[in-house]
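As structure tokens, the structure follows; a few thoughts come after it.
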2 protein chains.
Amino acid sequence: MTTDATTVRERIRANFATLTQSERKFATALLDNYPAAGLASITIVAANADVSTPTVARMVQKLGYKGYPQFHSALLSELEAKVSGPTQRRADWASEAPESHLLNRFAGAVGDNIQKTLANLNSTAFDAAVDLLSDTDRRLYVVGGRITRALADYAFTHFQAVRKRITHMTSSSATWPHYVLDMAEGDVLLLFDVRRYETNLLRLAELAKAHGVRVILITDQWASPVSAHADHSFHCWTPIPSAWDSNVATMMLLEALIAATQEANWPETRARYDQLDEIFDTARLFGQ
Amino acid sequence: MTTDATTVRERIRANFATLTQSERKFATALLDNYPAAGLASITIVAANADVSTPTVARMVQKLGYKGYPQFHSALLSELEAKVSGPTQRRADWASEAPESHLLNRFAGAVGDNIQKTLANLNSTAFDAAVDLLSDTDRRLYVVGGRITRALADYAFTHFQAVRKRITHMTSSSATWPHYVLDMAEGDVLLLFDVRRYETNLLRLAELAKAHGVRVILITDQWASPVSAHADHSFHCWTPIPSAWDSNVATMMLLEALIAATQEANWPETRARYDQLDEIFDTARLFGQ
DNA sequence: TCTGGCGTGAAAACATTTTTCCAAACATTG
DNA sequence: CAATGTTTGGAAAAATGTTTTCACGCCAGA
């Protein structure tokens with residue numbers, strides 16, 4: 001009757017023959033909406049399947065669980081395992097250094113961050129942001145804070161190769177109002193803000209928003225206050241075994257946005273790349 | 001305080017600013033393992049996040065739920081909606097976006113790059129480089145090229161918090177000879193060079209080497225010509241499905257170097273961090 | 001038609017969860 | 001450094017959830 005099969009689904013299939021009519025009714029309902037239909041209380045779950053609570057209680061015991069709570073937590077661990085899914089390859093990310101070497105601890109944390117960043121990413125929002133970024137009718141402004149200035153700079157360098165009409169707002173916040181003055185309705189502001197969040201960036205976002213500018217925010221998992229004003233917010237996981245925060249996941253998201261923008265408008269981008277190459281080759285002649 | 005945002009995740013983000021420390025602890029645990037970490041009983045869920053049950057109860061009310069059961073069933077319906085097919089509602093998990101979505105292809109490539117970078121990393125060289133970087137008797141110079149300027153900038157910002165006596169050599173190569181003039185034997189030059197490799201950086205490395213400077217090179221898998229002159233070279237894998245190269249692995253290696261340097265000299269670093277915090281707090285007062 | 005076994009759910013008994021209240025710990029301010 | 005307000009978790013009370021018991025109805029076989 002009982003089996004040592006691993007998942008609830010498998011146990012149901014293995015024992016289906018031994019189940020009574022009402023028990024099958026519940027089993028079917030669970031498989032139809034798996035695992036959600038088994039994660040509420042026994043009362044609710046039974047009512048949804050239109051059977052009585054004792055039926056459910058008896059069935060989970062037939063499946064080999066000690067009681068409903070044990071069955072419930074079995075479903076939960078399955079869900080947990082499934083969600084950590086595809087990106088879990090990081091098991092073999094280790095270098096030849098000992099397990100406890102900082103490199104390996106670090107790599108583990110970075111892998112986690114990337115996985116969690118992706119798991120929490122709204123792909124609809126991603127696509128919408130890319131639409132904004134690749135629309136050259138909208139001027140694109142890029143800005144970052146103390147730490148993220150480097151990321152904003154990186155974004156600027158790459159977007160410059162991908163599209164025209166882009167401005168990097170220098171880190172000196174005193175000049176920001178001048179930039180806002182020139183912003184048109186529908187322009188796009190790509191803003192980086194990670195802890196410690198900076199008041200100046202919040203003010204800038206408010207100001208830009210008031211001028212009808214669309215704000216795309218890249219922040220950390222705790223979310224900068226700017227997210228209240230942003231059209232699209234992206235949250236990048238940052239914890240590492242260290243006193244400061246990692247921006248590897250942030251960099252990954254940024255590069256993904258750039259790559260998608262490039263793909264969205266390939267012919268134009270292609271031409272720009274070719275021109276750029278030519279110019280660099282010429283510059284190299286001078287340099288030699 | 002309450003919002004009419006739809007998902008639990010969104011509500012947490014929208015209200016994160018109003019949450020207390022313990023509440024954030026739970027919120028973070030939930031986002032880290034969403035939604036499984038919110039689907040057990042309040043007792044278990046609180047214990048897993050290492051907070052008390054009243055904390056969780058208070059938080060879900062702040063998020064606008066009448067009580068924990070309502071919060072629980074909200075999570076459950078999200079799960080249900082998500083499982084019931086990609087067409088039904090927007091799939092906000094990258095892992096569930098179509099296999100062919102750029103995000104997934106991109107994430108796969110980035111994972112590969114990190115894995116290969118680590119596999120090809122010589123941990124003895126890493127440790128030796130960290131020894132050089134954490135020795136404040138040696139002045140540290142940081143420099144990058146067109147693309148890697150941003151990484152050099154990022155390195156500078158972080159090393160500044162970790163150690164004294166560091167200089168960021170601006171990207172205008174015309175001024176580099178002046179810096180070399182001031183370099184002493186035993187000083188360290190952290191140099192970034194990825195394709196397309198820049199002649200100026202090669203000249204700089206030769207010049208520095210001639211002055212007895214130790215050169216640490218961070219480059220890509222094809223290796224910049226600078227590696228011929230470098231004391232330690234690190235090769236970061238860069239291929240992505242795109243016309244340009246990814247620097248996520250490069251960023252990871254850089255952060256690992258910074259983290260190791262910080263760890264090598266923790267007491268000094270600690271003091272610098274505390275001072276920095278103080279100064280920023282003061283600066284914030286001005287900023288307001 | 002009776003008898004015995006099985007499946008089922010109502011309801012009682014029991015266990016756990018959820019909420020509320022409160023005092024201690026903590027941070028903040030004058 | 002005391003006064004004040006906020007945050008926090010322990011513990012009891014209230015509410016729910018889970019299990020068990022048991023009686024009823026159904027059906028097969030004598």
Side-chain angles (χ1 to χ4, degrees), chain A residues 1-2 8 11-12 15-30 35-77 195-196 222, chain B residues 1-2 8 11-12 15-30 35-77 274 277-278 280-282 284-285 288:
Chain A
M1 198 167 287
T2 304
V8 172
R11 290 199 193 193
I12 290 178
N15 294 295
F16 201 82
T18 74
L19 299 183
T20 70
Q21 210 172 319
S22 303
E23 286 166 354
R24 287 179 191 199
K25 200 168 164 188
F26 169 67
T28 309
L30 175 55
L39 285 172
S41 76
I42 193 174
T43 322
I44 293 168
V45 149
N48 285 344
D50 204 26
V51 298
S52 68
T53 42
T55 300
V56 175
R58 280 187 293 258
M59 194 198 85
V60 301
Q61 287 185 2
K62 271 196 194 170
L63 295 185
Y65 300 100
K66 220 186 133 216
Y68 185 79
Q70 201 187 97
F71 161 83
H72 182 275
S73 73
L75 275 176
L76 212 48
S77 356
R195 271 208 320 198
R196 313 169 106 214
W222 300 285
Chain B
M1 199 167 287
T2 305
V8 172
R11 291 201 192 190
I12 288 179
N15 294 296
F16 202 87
T18 74
L19 300 183
T20 69
Q21 215 171 318
S22 304
E23 287 167 351
R24 287 176 191 203
K25 200 167 163 189
F26 169 67
T28 308
L30 176 56
L39 286 172
S41 75
I42 194 174
T43 323
I44 293 168
V45 150
N48 285 344
D50 205 25
V51 298
S52 67
T53 43
T55 300
V56 175
R58 280 186 292 255
M59 195 199 85
V60 300
Q61 287 187 359
K62 271 196 192 171
L63 295 186
Y65 299 99
K66 220 187 129 214
Y68 185 79
Q70 199 185 98
F71 160 84
H72 182 275
S73 72
L75 274 176
L76 214 48
S77 355
D274 289 348
D277 263 8
E278 235 171 80
F280 279 125
D281 282 343
T282 316
R284 180 155 305 187
L285 289 181
Q288 289 287 3

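Atoms considered below: every heavy atom in the structure, side chains included; atoms not considered: hydrogens, waters and symmetry mates. In what follows, chains are A, B, ... by sequence order, proteins preceding strands, each numbered from 1. None of these values were measured; they are calculated from a predicted model.
Among residues two or more places apart in sequence or in another chain, the side-chain hydrogen bond (donor to acceptor under 3.5 Å, both in side chains) test is passed with S41(A) by none. Annotation: side-chain hydrogen bond (donor to acceptor under 3.5 Å, both in side chains) contacts of T53(A) (sequence neighbours excluded): none. Residues satisfying the ring pair (Phe, Tyr, Trp, His ring centres under 6.0 Å) criterion with Y68(B), sequence neighbours excluded, are F71(B).
One interatomic measurement links the two molecules: OH of Y68(B) to P of dT16(C), which rounds to 17 Å at whole-angstrom precision. The interatomic distance linking Q70(B) (CD) with dT19(C) (C1') rounds to 15 Å, in whole Å. Rounding to whole angstrom units, CD of residue E23(A) and P of dG7(C) are separated by 8 Å. The distance between atom CE of M59(B) and atom P of dT18(C), rounded to the nearest whole Å, is 14 Å. One can place CZ of F26(B) at 17 Å from C1' of dT7(D), the figure rounded to the nearest angstrom. In this structure, N48(B) atom CG and dT17(C) atom P are separated by 12 Å, rounded to whole Å. Q21(B) places its CD atom 13 Å from the C1' atom of dA25(C), with the value rounded to the nearest Å. Put simply, CZ on F71(B) is 16 Å from P on dT17(C), counting in whole angstrom units.
Annotation: side chain of K66(B) is not in contact with side chain of Q61(B) (no heavy-atom distance under 4.5 Å).
Contacts between residues 36-46 of chain B and DNA chain D, defined by a heavy-atom separation under 4.0 Å, are absent.
Between T55(A) and the phosphate of dG9(C), there is a side-chain N or O to OP1/OP2 separation shorter than 4.0 Å. An OP1 or OP2 oxygen of dT8(C) is reached within less than 4.0 angstrom by a side-chain nitrogen or oxygen of S22(A). Phosphate contact (OP1/OP2 of dC6(C), side-chain N/O of T20(A), threshold under 4.0 Å): absent.
Figure legend: R11(A) and F16(A) shown without cation-pi pairing, the cationic atom not lying both under 6.0 angstrom from the six-membered ring centre and within 45 degrees of its axis.
Across L76(B), V45(B), I44(B), L30(B), a single residue satisfies side chain to side chain contact (heavy atoms under 4.5 Å, CB included) together with L39(B), and that is L76(B).
For the atom pair CG of N15(B) and NZ of K62(B), the computed distance is 9.0 Å after rounding to the nearest 0.5 Å.
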Fill in the blank from the handout: Under a 4.0 Å heavy-atom criterion, the protein footprint on nucleotides 20-28 of chain D, written with B, S and -, is B--------

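The salt bridge (charged side-chain N to carboxylate O under 4.0 Å, His left out) analysis of residues 40-56 of chain B, with sequence neighbours excluded, yields the pairs K25(B)-D50(B).
Judged purely by atom type and a 3.5 angstrom limit, T55(A) has no side-chain atom pairing as donor or acceptor with the backbone of V51(A).
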